[in-house]
Amino acid sequence: VLTINRPEARNAVNEVVASGIAAAIDELDPRPDVAAMVLTGAGGTFSAGMDLKGFMAGENPTAGGRGFAGITQRPPATPIVAAVEGYALAGGFEIALACDLIVASEEATFGLPEVTRGLVAGAGGLLRLPRRIPYHLAMEIALTGGHIPAGRLHEAGLINRMVPAGEALGEARALAAEVAAN
């Protein structure tokens with residue numbers, strides 16, 4: 001289980017987080033005893049995306065040749081499950097989209113709000129999203145920047161399993177165990 005552990009910043013990705021995820025993936029991915037991984041966020045939030053303050057201070061939120069958060073450009077070969085509680089916004093949503101499977105709590109919220117600030121979601125989300133859900137829903141998310149409840153994305157087929165609040169990590173671990181058994 002890889003945990004983004006910056007709950008005071010809603011698990012926003014800074015240079016330390018990106019380097020940590022990239023290093024963990026680099027260490028775990030080639031190991032024959034690791035058949036699946038889980039990525040989650042601490043404190044009830046998956047990730048609010050890039051740490052804008054850190055970025056403005058010159059921090060690089062990419063690492064290890066793996067892209068944003070150490071995962072979006074080159075995800076691991078080992079299957080990885082996102083365990084989403086709370087917000088998965090902007091780069092946080094793009095991190096979840098870089099994972100192979102998504103487990104989300106019923107209270108989870110997803111979105112690519114960059115457009116509302118005149119920015120582009122540049123970590124692959126705009127490319128991955130229309131391949132995973134119906135085109136028009138993907139375009140609504142990309143062009144409005146609105147927050148989308150987990151239930152709507154579950155209905156669209158993006159979220160593999162929905163669980164009550166607080167249970168995403170446990171269910172993601174169970175799903176990872178199912179994957180590993182194969």
Side-chain angles (χ1 to χ4, degrees), residues 1-14 17-18 20-21 24-25 28 34-51 61 68-72 75-76 78-114 116 121 123-126 128-134 137-138 140-142 144-181:
V1 175
L2 310 177
T3 303
I4 303 169
N5 192 15
R6 294 188 72 217
E8 73 286 352
R10 292 187 179 168
N11 297 319
V13 176
N14 61 7
V17 168
I21 292 173
I25 290 172
L28 297 172
V34 177
M37 294 183 249
V38 174
L39 179 60
T40 192
T45 296
F46 183 71
S47 175
M50 181 171 59
D51 182 336
F68 175 74
I71 191 171
T72 62
T78 303
I80 187 162
V81 182
V84 180
E85 296 278 355
Y87 291 114
L89 297 175
F93 191 13
E94 293 182 290
I95 295 167
L97 288 167
C99 294
D100 299 296
L101 303 164
I102 301 174
V103 173
S105 88
E106 296 166 339
E107 296 178 0
T109 302
F110 297 78
L112 296 173
E114 289 89 342
T116 65
L126 294 176
R128 287 184 174 102
L129 196 57
R131 287 188 257 162
R132 308 252 172 90
I133 62 174
L137 178 56
E140 177 183 341
I141 293 168
T144 68
H147 292 193
I148 308 298
R152 187 161 183 210
L153 292 175
H154 184 253
E155 290 169 2
L158 182 69
I159 295 171
N160 299 88
R161 297 184 182 174
M162 290 258 306
V163 294
E167 296 183 19
L169 179 57
E171 186 65 23
R173 290 178 77 124
L175 181 56
E178 288 180 46
V179 170

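In this text the structure is predicted, and so the values were computed from the model without any measurement.
By the 6.0 Å contact criterion, CZ on Arg173 is open, its count of non-hydrogen atoms from other residues, nucleotides or ligands being 12 or less. Surrounding CD of Glu167 are more than 12 heavy atoms belonging to other residues, nucleotides or ligands, all under 6.0 Å away.
Contacts of Phe46 classified as ring-ring contact (aromatic ring centres under 6.0 Å, His included), with partners at least two apart in sequence or in another chain: none. Judged as a ring-ring contact (aromatic ring centres under 6.0 Å, His included), and not counting sequence neighbours, Phe68 has no contacts.
A donor-acceptor pair is defined here as one N or O able to donate and one able to accept, closer than 3.5 Å; no such pair exists between the side chain of Arg6 and the backbone of Val17. Put simply, the side chain of Ser47 gets close to the backbone of Asn11: a donor and an acceptor are under 3.5 Å apart. Asn160 places no side-chain N or O within 3.5 Å of a backbone atom of Val103 that could act as its donor or acceptor partner.
Closest non-hydrogen pair, Ala121 versus Leu112, comes out as CB-CD2, 4.1 Å. Summarising the geometry of Pro79 relative to Ala35, their closest heavy-atom pair is CD-O, 3.6 Å, with the distance given to 0.1 Å. Considering every non-hydrogen atom in both Val34 and Leu28, the closest pair reads CB-O, 3.7 Å. Contact detail for Ala172 and Val81: the closest heavy-atom pair is CB-CG1, 3.7 Å. Pairing each heavy atom of Thr40 with each of Ala83, the nearest pair is OG1-O, 3.0 Å. Across Met50 and Pro61, no two heavy atoms sit closer than the pair SD-CG, 3.5 Å.
The distance from atom CD1 of Ile148 to atom CD1 of Ile141, rounded to the nearest 0.5 Å, is 4.5 Å.
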